[in-house]
Amino acid sequence: MQATYPLVFAALLFCVGIYGVLSRRNAVLVLMSVEMMLAAVTINLVAFGEIARGADAVLTGQVFALFVIAVGAAEVGVGLAIILLLYRNRASVNIDEADLMKY
Amino acid sequence: MNDVLTAADIFMLLVAVTGGAAAISVVISRNVVHAALFLVVTLLSVAGTFLMLGAEFLAWTQVLVYVGAVIVLILFGLMLTRAPIGPMAQHNENGHLAFGVSTLLFLFLCLVIFRAFGDVRLDLQYTGAAALGEVIYVEWAFPFMALGFMLTVALIGAIILARREEGEGPVTDLADEIPARDSRDVTASPGAISAGARAPGARAAGGGSAPREVQQ
C-alpha cells in the first residue's frame with residue numbers, strides 16, 4: 001500500500017477539522033471537529049510507526065495512538081460538561097456569544 | 001513511484017474517499033444530528049484505516065470508544081442543549097477565512113507528504129493485540145496507569161462541572177428545562193418552589209426562548 005494514502009487522509013481530516021473549529025457556531029459541532037483532528041493525529045501516529053518500520057516503532061506508534069484515543073474520550077467528557085454549563089448559564093451554545101472574558 | 005494498485009490500495013482509497021466525504025459533510029451539514037451521524041462514518045473510516053495499517057486492536061478500540069461512547073455522548077449533548085434540530089444557519093462570518101486557511105494548509109501538507117513519502121510503500125504487517133498488550137503492560141506500564149488516573153480525574157471533573165449547585169434541589173435537567181418557556185411566571189409567583197427556581201431565573205435573564213431565536 002502506498003504510504004501516502006493514510007497520510008493524505010489524515011491531512012484532509014485535520015484540515016476539515018480546522019475549518020469546522022473556525023467556522024461552526026454550535027459548541028457541540030466545534031467539539032466534533034476537534035474529535036476529527038484528534039482522529040487525524042492517531043492515523044498519523046500509526047502510519048509513521050509503520051513507515052519507520054522498526055520492531056519498536058510500530059508498537060510505540062500504536063501505544064501513542066491508544067493514548068490519544070483515551071485523551072480524546074476524556075476531552076469529550078469534560079468538554080460536554082463545560083458546554084452544558086455554558087448552556088445553563090447563557091441559554092445558548094453559540095460560542096460567538098460566549099465572550100464574557102473577551103475584553 | 002510505482003503505480004501498481006493492489007487490493008489494499010483500492011480498499012484504502014475507498015475508505016479514505018468515504019471518510020473524507022463524510023468529514024466534509026460533518027462541517028457543512030446544516031442539521032446538527034446529521035452532522036453527528038456523518039461523524040460516525042468518518043470515525044468508522046478511521047477504524048478502517050487502522051485495519052489497513054495492521055493495527056487491529058486500535059481499530060476495534062476506535063469503534064468501541066468513539067463510535068460507541070463518544071457519539072452517544074455528543075448526541076446526548078445535542079439533545080440536552082436543545083440544539084435547534086433542523087436546517088438553519090450554522091456558520092459564523094469567519095467562513096471564507098476558515099476555508100482559505102484549511103485549504104492552504106491541506107495543499108501544503110499534501111506537497112510535503114508527496115515529496116517526502118511519495119515513493120514509500122508499506123508492506124502490511126499484522127500487529128495483534130497480544131504484542132500490543134505486552135508492550136503496554138511492560139514498557140508503558142507507568143504511563144498507562146497515569147492515563148487511567150487522568151481518565152478518572154476527567155470524569156470526576158466533568159461530574160463536578162455539570163452537576164447542579166447546592167440549593168437548586170434534586171431536579172433533573174430534563175424536568176427542569178422543559179417548562180423553561182414560562183419560567184418568568186414560575187419565578188414571579190410568590191409560591192415558587194425553591195427547587196429549580198434559580199436556574200430558570202438565570203435562563204429568563206437570557207430570554208425565555210433564546211436558544212431557538214439566536215441561532216436562526
Side-chain angles (χ1 to χ4, degrees), chain A residues 1-9 11-20 22-26 28-29 31-33 35-36 39 42-43 46-47 50-51 58-59 62-63 65-67 69-74 76-78 80-85 87-94 96-97, chain B residues 8-9 12 16 20 23-24 26-27 32 35 39 42-43 46 49-50 53 55 58 61 65 70 73-74 77-78 80-81 83 90-92 94-95 98-99 102 105-106 109-110 113-114 117-118 120-122 127 132 135-136 140 147 150-151 154-155 157-158 161-162 202-203 206 210-211 214-215:
Chain A
M1 188 175 69
Q2 294 279 356
T4 47
Y5 294 157
L7 296 180
V8 170
F9 179 43
L12 177 69
L13 278 187
F14 191 82
C15 295
V16 170
I18 284 181
Y19 174 74
L22 288 181
S23 75
R24 280 298 209 177
R25 276 182 161 169
N26 191 326
V28 183
L29 289 167
L31 205 61
M32 285 160 58
S33 304
E35 285 306 308
M36 272 199 289
T42 52
I43 291 178
V46 178
E50 287 285 328
I51 290 172
V58 175
L59 286 174
Q62 295 194 11
V63 169
L66 203 60
F67 283 8
I69 288 177
V71 170
V76 165
V78 177
L80 275 177
I82 292 174
I83 290 173
L84 285 185
L85 205 61
Y87 177 73
R88 198 178 293 159
N89 286 322
R90 307 292 297 263
S92 159
V93 287
N94 185 348
D96 292 338
E97 291 176 2
Chain B
D9 280 324
M12 182 64 224
I24 293 172
V26 169
V27 292
V32 288
L39 188 66
T42 307
L43 295 174
V46 171
T49 310
F50 286 156
L53 288 168
L58 269 185
T61 309
V65 173
V70 167
L73 263 182
I74 284 176
L78 284 178
L80 213 57
T81 55
Q90 293 279 354
H91 294 265
N92 58 20
N94 293 336
F99 184 75
S102 52
L105 183 64
F106 179 62
L109 283 176
C110 279
I113 287 168
F114 277 104
F117 303 104
V120 177
R121 285 191 77 85
L122 301 171
T127 311
L132 191 62
V135 170
I136 286 177
W140 295 89
L147 191 74
M150 186 213 68
L151 271 177
L155 281 184
L161 275 179
R203 204 171 297 118
V214 157
Q215 304 203 0

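Here is the naming used below: chain letters follow the sequence lines, and residue numbers restart at 1 for every chain.
B:Leu155 does not touch chain A: none of its heavy atoms, backbone or side chain, sits under 4.5 Å away. Looking at B:Val120, both its backbone and its side chain come within 4.5 Å of chain A, counting heavy atoms on both sides. Only the side chain of B:Leu147 has a heavy atom closer than 4.5 Å to any heavy atom of chain A. Residue contact with chain A, scored on non-hydrogen atoms closer than 4.5 Å, involves the side chain of B:Val135 exclusively. Looking at A:Val58, the atoms closer than 4.5 Å to chain B (heavy atoms on both sides) all sit in the side chain, from C-beta outward.
Nearest heavy-atom pair, B:Met150 versus A:Ala74, reported as atom, atom and distance to 0.1 Å: CE-CB, 3.8 Å. In terms of heavy atoms, A:Gln62 sits closest to B:Ala55 at NE2-CB, 3.4 Å. Residues A:Tyr87 and B:Thr81 share a closest heavy-atom pair of CE1-O, 3.2 Å. What you find for A:Met36 and B:Ala23 is that their closest heavy atoms are SD-CB, 3.5 Å. Nearest heavy-atom pair across A:Ala3 and B:Phe117 is CB-O, 4.4 Å. Taking both residues in full, the closest heavy atoms of A:Ile82 and B:Leu161 are given as CG1-CD1, 3.6 Å, listed atom of the first, atom of the second, then distance.
In terms of heavy-atom pairs under 4.5 angstrom with chain A, the leader among B:Ala158, B:Ala98, B:Gly95, B:Gly157 is B:Ala98. Between chain A and the options B:Ile136, B:Leu73, B:Thr61, the largest number of non-hydrogen pairs under 4.5 Å is found for B:Leu73. The greatest number of non-hydrogen atom pairs below 4.5 Å with chain A, out of B:Leu39, B:Ile24, B:Val65, B:Leu109, is found for B:Leu39. Counting heavy-atom pairs closer than 4.5 Å to chain B, the top residue among A:Leu13, A:Ile18, A:Leu80 is A:Leu80. No other option in A:Val46, A:Val8, A:Ile69 has as many heavy-atom pairs under 4.5 Å with chain B as A:Ile69.
Considering OG1 of A:Thr4 and CZ of B:Arg121, their distance stands at 9.0 Å, rounded to 0.5 Å.
The closest side-chain heavy-atom distance from A:Val63 to B:Leu132 is below 4.5 Å. With a 4.5 Å cut-off on side-chain heavy atoms, A:Ser23 and B:Val27 do not count as touching. Counting only heavy atoms from C-beta outward, the side chains of B:Ser102 and A:Val16 never approach each other to under 4.5 Å. The side-chain heavy atoms of A:Leu22 and B:Phe99, taken from C-beta on, include no pair separated by under 4.5 Å.
Between the A:Arg88 side chain and the B:Ala162 main chain, a donor and an acceptor come within less than 3.5 Å of each other. At least one donor-acceptor pair closer than 3.5 Å links the side chain of B:Asp9 to the backbone N or O of A:Gln2.
More than 12 heavy atoms of other shown residues, nucleotides or ligands fall within 6.0 angstrom of atom CZ in B:Phe106.
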